[in-house]
Number of protein chains: 2
Amino acid sequence: MKTKTETKRQAILDEAARAFRELGYEGASMSEIRARVGGSKATLYNYFASKDELFFEVMTASCEAEFQAAHASMDPTTGDIEQSLRHFGERFLSFLYSPEVQANRHLSIAESGRTKLGQLLYERGVLRSQRLVAESIREAMAQGKLRTADPMLATQHLYALLEAELIDRFLLQLLGEVSKAEIEAITARALAVFMAAYGPASDQAAAKSR
Amino acid sequence: MKTKTETKRQAILDEAARAFRELGYEGASMSEIRARVGGSKATLYNYFASKDELFFEVMTASCEAEFQAAHASMDPTTGDIEQSLRHFGERFLSFLYSPEVQANRHLSIAESGRTKLGQLLYERGVLRSQRLVAESIREAMAQGKLRTADPMLATQHLYALLEAELIDRFLLQLLGEVSKAEIEAITARALAVFMAAYGPASDQAAAKSR
DNA sequence: CGTCAAATGTACTGATTGGTACAGTTAAAG
DNA sequence: CTTTAACTGTACCAATCAGTACATTTGACG
């Protein structure tokens, strides 16, 4: 019997996710969600105590699913660190700027003040992702493939460079779908800057200029 | 008589701005705004046709004011481009991450889907700012102070690097006030990366590695 | 088949919202 | 003073919302 209720719960979460994505938090009323999932409003409230709780579950669940999808094949050190980072960057941007994830992320940002949602998404999403990549970068630094520096800082610089050409339009919801070709070009330009600063010291002095 | 109505209009805008900042768009009801500004709701609707219009005016006005404040003393070429960029970066971050501007920006992002608000704020805020800085960078490139590259791309990379350590926590509303010391340190770290990639070619080959 | 918890549909509450109506008041301009 | 316009206060409307009550139906398990 647990299986039946679990599938029902998942069905509610799925439909609610779509409703929130299309209509926003305030725009998606519980009646609207009920209409999509079918059944009665009492059932909704049987699975989730309040709209806030339902939204919270939807956001953390989607965050988790998307995180797994994005970092599934994060090969660490395949010899060429630049190649590794390029593959990761392209996969990362493809994931982050798919229409569904764009919508989810924007929703997360807009409603981040609600309860402790922001805190939790930061820890389980952003921080977790950055720590994972920072570990690869730390290893590359230890092997002399990258100049020695703070791995978390390098990771934040990498992420920022990857998003540099997209984030402003994304935040103001002016960005549609981003083509694979665009993502490859953007990643290449970002990595050129990253490698100039964090590439092996043998290449050049570079970042610690002052 | 135009002066009276103009000051009244400004008073409404000011109080509405504070209300939106503190309570968000949905949270700040027209009755709440009326209570803050005093007078009657009819007067409110005499100056602004709808809540949407009032919000739109508040956002564009604050965007304009903040833009002016941030770019007021953007000295172009004072010899050392790195020094120039550092001063700009510190001023820019101080402005962008003051509590008031943080709140306004977050509000803009959250409600950017409303009407054509996002489009307008992007053009009058982001694009205008980037074009201004890109022009300085273009001149520096022409003078050989920076490696030749696309000035708008360099500007976007610069902005991204400056915000790299703050933006995630800002977006999820986990960032309080940022101290002057932190801003200086963040700017220095961002500029080190930027100069490694975009510094004069005499320093090194750098960015166009592939 | 009988049991019993889970699911359903409908109807409802109480509160809040953006926006309007209107009659009365202020106050500046001629 | 008179005109004319804006301003005020209060009361109100229609719609919408999250959440509840309840009587009824379903459907899986023993």
Side-chain angles (χ1 to χ4, degrees), chain A residues 1-61 107 110-117, chain B residues 1-61 107 110-117:
Chain A
M1 182 169 292
K2 224 10 182 324
T3 130
K4 172 90 176 275
T5 66
E6 195 54 40
T7 62
K8 180 81 178 176
R9 186 187 148 93
Q10 200 54 51
I12 295 176
L13 281 176
D14 288 347
E15 288 300 327
R18 284 195 355 175
F20 284 134
R21 210 178 300 149
E22 293 170 16
L23 305 169
Y25 176 79
E26 304 267 0
S29 73
M30 290 298 266
S31 294
E32 168 71 23
I33 293 171
R34 179 216 65 86
R36 292 180 181 227
V37 75
S40 119
K41 213 155 41 153
T43 307
L44 234 61
Y45 280 94
N46 196 5
Y47 282 94
F48 304 94
S50 68
K51 188 184 183 182
D52 267 309
E53 182 182 312
L54 174 56
F55 182 72
F56 187 85
E57 298 283 336
V58 166
M59 284 295 104
T60 54
L107 203 50
E111 307 296 333
S112 55
R114 193 172 305 281
T115 66
K116 291 293 183 187
L117 184 63
Chain B
M1 182 167 294
K2 226 2 177 334
T3 128
K4 172 90 175 276
T5 65
E6 195 53 41
T7 61
K8 180 82 178 177
R9 184 185 149 93
Q10 200 54 50
I12 295 176
L13 281 175
D14 288 347
E15 288 299 328
R18 286 195 354 178
F20 284 133
R21 212 178 299 149
E22 292 170 16
L23 305 170
Y25 176 78
E26 304 268 0
S29 73
M30 290 299 266
S31 294
E32 168 70 24
I33 294 172
R34 179 216 64 87
R36 291 180 181 226
V37 74
S40 119
K41 212 149 54 149
T43 308
L44 234 60
Y45 280 93
N46 196 5
Y47 282 94
F48 303 94
S50 69
K51 189 185 183 181
D52 266 311
E53 183 182 312
L54 174 56
F55 182 72
F56 188 86
E57 299 283 334
V58 166
M59 284 294 105
T60 53
L107 202 50
E111 307 296 331
S112 56
R114 195 172 302 282
T115 67
K116 291 291 180 190
L117 185 64

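Values reported hereafter were calculated over all heavy atoms of this structure, with side chains retained and with hydrogens, waters and symmetry mates removed. Order of the sequence lines sets the chain letters (A, B, ...), proteins ahead of strands, with each chain counted from 1.
- Here CG of Leu117(B) is found 8.5 Å from CZ of Arg114(B). Values are rounded to the nearest 0.5 Å.
- If you measure from atom CD of Glu53(A) to atom P of dA18(D), you get 15 Å, rounded to the nearest angstrom.
- Residue Ser29(A) is in sugar-phosphate contact alone, with no base atom involved, counting any heavy-atom pair closer than 4.0 Å across all strands shown.
- In this structure, Glu32(A) atom CD and dA18(D) atom P are separated by 11 Å, rounded to whole Å.
- For the pair Tyr47(B) and dC7(D), the criterion of a side-chain N or O lying under 4.0 Å from OP1 or OP2 is met.
- The distance from atom CZ of Phe48(B) to atom C1' of dG19(C) is 16 Å, rounded to the nearest whole Å.
- When the P atom of dG18(C) is taken as reference, atom CD1 of Ile33(B) falls 8 Å away, rounded to whole Å.
- To the nearest angstrom, C1' of dG19(C) lies 14 Å from CG of Leu54(B).
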Practice problem: Just do the side chain to side chain contact (heavy atoms under 4.5 Å, CB included) check on Val37(A) and Thr43(A) with the steps written out, would you? | Solution: CA-CA 10 Å; Val37(A) 75; Thr43(A) 307; over 6 Å; no

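- Applying the 4.0 Å criterion to OP1 and OP2 of dT26(D), one finds that Lys8(A) has every side-chain N and O outside that range.
- As rounded to whole Å, 11 Å separates atom P of dA18(D) from atom CD of Glu26(B).
- One atom, CE of Met30(B), and another, C1' of dT16(C), lie 15 Å apart when rounded to the nearest Å.
- Contact annotation: Asn46(A) reaches the phosphate of dA7(C) (side-chain N/O to OP1 or OP2, under 4.0 Å).
- The base of dG19(C) lies close enough to the side chain of Lys41(B) for a donor and an acceptor atom to sit less than 3.5 Å apart.
- Side-chain proximity of Ser40(B) to dT8(D), dG18(C), dG19(D): nearest is dT8(D).
- Nearest-nucleotide assignment on DNA chain D puts the 5′-proximal partner with Thr43(B), out of Ala42(A) and Thr43(B).
- Glu53(A) meets the side chain to side chain contact (heavy atoms under 4.5 Å, CB included) test with Phe48(A), Ala49(A), Ser50(A), Glu57(A); sequence neighbours excluded.
- Arg34(B) contributes a side-chain N or O that, together with a main-chain N or O of Gly39(B), makes up a donor-acceptor pair within less than 3.5 Å.
- We find that OH of Tyr45(B) is positioned 19 Å from C1' of dA6(D), with the value rounded to whole Å.
- Lys51(B) is linked by a side chain to side chain contact (heavy atoms under 4.5 Å, CB included) to Phe20(B), Tyr25(B), Met30(B), counting only residues two or more places apart in sequence or in another chain.
- Here the side chain of Lys51(B) is nearest to one of dG19(D), dG19(C), dT8(D), namely dG19(C).
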